[in-house]
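Start at 1 with the first residue, then count along the sequence. A quick note: this is a predicted structure, and the numbers were derived from the prediction, not measured.
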Amino acid sequence: MTLQTRPPTCIVPFPLVLVEGPADSGKTRMLVELTASPLIGRALMLDLGDGNSDEYGDAVGGGTPTYEIIEHDGSWASIIGQVEAAHEEAGKALAAGEEPYALGVDSGSRLWEMLKTWGGARAKGSIKNQRLLAFDPNADIRTPNNIWDDVHARHQRLMELLGTFPGVVVVTARGRETYLTEDPADPVPKVKTYKVELPPRPDARGERVDSAQPGRPTHDHRRQEQVPERALRQGRGACRA
């Protein structure tokens with residue numbers, strides 16, 4: 001096979017941003033403020049149960065909503081189907097030369113809880129565990145590796161769509177201080193850590209992690225000047241002379 005190459009385009013990928021912080025720290029508000037940017041075209045909000053998307057409808061934009069809420073029935077098929085549809089529509093808009101879409105996921109922590117609950121229900125539903133629960137309703141049911149694989153596969157499918165989304169993506173997540181522990185009933189005294197309620201390595205393309213909690217740093221894994229405006233102008237520039 002003959003080697004095939006091309007020069008770089010110098011186009012900056014659209015950002016995938018994680019905004020984390022404790023409850024009521026302003027994560028959704030930060031997301032909503034982005035939707036009012038003149039660099040954003042159509043803005044979509046995937047609300048996964050917190051209900052904040054309706055609450056902030058007139059928070060920016062002079063009382064006129066600057067985003068639309070994606071409707072779903074709470075099932076995985078409905079949620080992932082709507083994200084796939086948003087991905088397709090955003091691609092069409094970008095190809096037509098329109099301003100880029102923005103997609104907000106509020107929240108990534110809630111989605112992860114939904115997937116873990118689904119996995120736990122599958123584990124409890126096995127014939128073996130049904131017999132165990134019939135004998136001891138309080139038995140400790142462990143989720144086996146094959147079910148965890150399915151849980152992570154679903155989450156990975158969502159992250160693939162978000163990572164290749166032809167527009168800006170912002171995911172919120174809960175963060176909190178917690179005690180280091182080996183046994184949940186026996187925390188190590190006076191040893192605290194900070195935990196973001198997401199699976200390990202939640203994304204493969206997250207350039208930026210913003211904290212909505214005062215005093216916590218923002219982690220920017222790309223040059224600061226690249227992330228906001230230049231990324232939103234994706235596809236409209238060329239390499240520097």
Problem set entry | Sub-6.0 Å ring centroid separation between Trp76 and His155 | no
Looking at every heavy atom in both [X] and [Y], which two are closest together, and how far apart are they?
X	Y	value
Ser109	Leu198	N-CD2, 3.8 Å
Arg6	Thr9	NH1-CG2, 3.7 Å
Phe14	Gly167	CB-O, 3.0 Å
Ile79	Gly74	CD1-O, 3.9 Å
Gly91	Pro166	N-CG, 3.3 Å

Exercise. Any side-chain heavy atom of Ile40 within less than 4.5 Å of one from Tyr101?
Worked result: no
Exercise. Any side-chain heavy-atom pair from Arg42 and Glu68 closer than 4.5 angstrom?
Worked result: yes
So, the side chain of [X] versus the backbone of [Y]: is there a donor-acceptor pair under 3.5 Å, distance only?
X	Y	value
Asp106	Thr172	no
Ser37	Leu34	no
Ser78	Asp73	yes

Exercise. Are Ile141 and Ile147 connected, step by step, through hydrophobic side chains (Ile, Leu, Val, Met, Phe, Trp, Tyr) whose heavy atoms are closer than 4.5 Å?
Worked result: no
Exercise. Under a single-linkage definition using a 4.5 Å side-chain heavy-atom cutoff for Ile, Leu, Val, Met, Phe, Trp and Tyr, are Leu111 and Trp148 assigned to the same hydrophobic cluster?
Worked result: yes
Problem set entry | Derivation and outcome, side-chain contact (heavy atoms from CB on, under 4.5 Å), residues Leu46 and Leu48 | CA-CA 6 Å; Leu46 179 63; Leu48 295 172; 4.0 Å; yes
Distance, nearest 0.5 Å, that separates [atom1] of [X] from [atom2] of [Y]:
X	Y	atom1	atom2	result
His72	Asp47	NE2	CG	6.5 Å
Thr35	Glu33	OG1	CD	9.0 Å
Phe165	His87	CZ	NE2	7.0 Å
Arg157	Ile80	CZ	CD1	6.0 Å
Asp149	His152	CG	NE2	7.5 Å
Glu89	Glu98	CD	CD	9.5 Å

For this session: List the steps and the verdict of side-chain contact (heavy atoms from CB on, under 4.5 Å) for Met159 and Leu162.
Result: CA-CA 5 Å; Met159 294 313 303; Leu162 300 185; 4.1 Å; yes
[X]/[Y] ion pair, N-O < 4.0 Å:
X	Y	result
Arg122	Asp150	yes
Arg174	Glu20	no
Glu55	Arg29	no

Problem set entry | From CA spacing to verdict: side-chain contact (heavy atoms from CB on, under 4.5 Å), Val17, Leu31 | CA-CA 10 Å; Val17 181; Leu31 196 167; over 6 Å; no
For this session: Might you work through the salt bridge (charged side-chain N to carboxylate O under 4.0 Å, His left out) test for Arg110 and Glu113, ending with a clear yes or no?
Result: CA-CA 5 Å; Arg110 181 63 63 91; Glu113 288 298 327; over 6 Å; no
Problem set entry | Intermediate values then yes/no, side-chain contact (heavy atoms from CB on, under 4.5 Å), Glu71 and Gln82 | CA-CA 8 Å; Glu71 293 187 328; Gln82 287 297 304; 5.8 Å; no
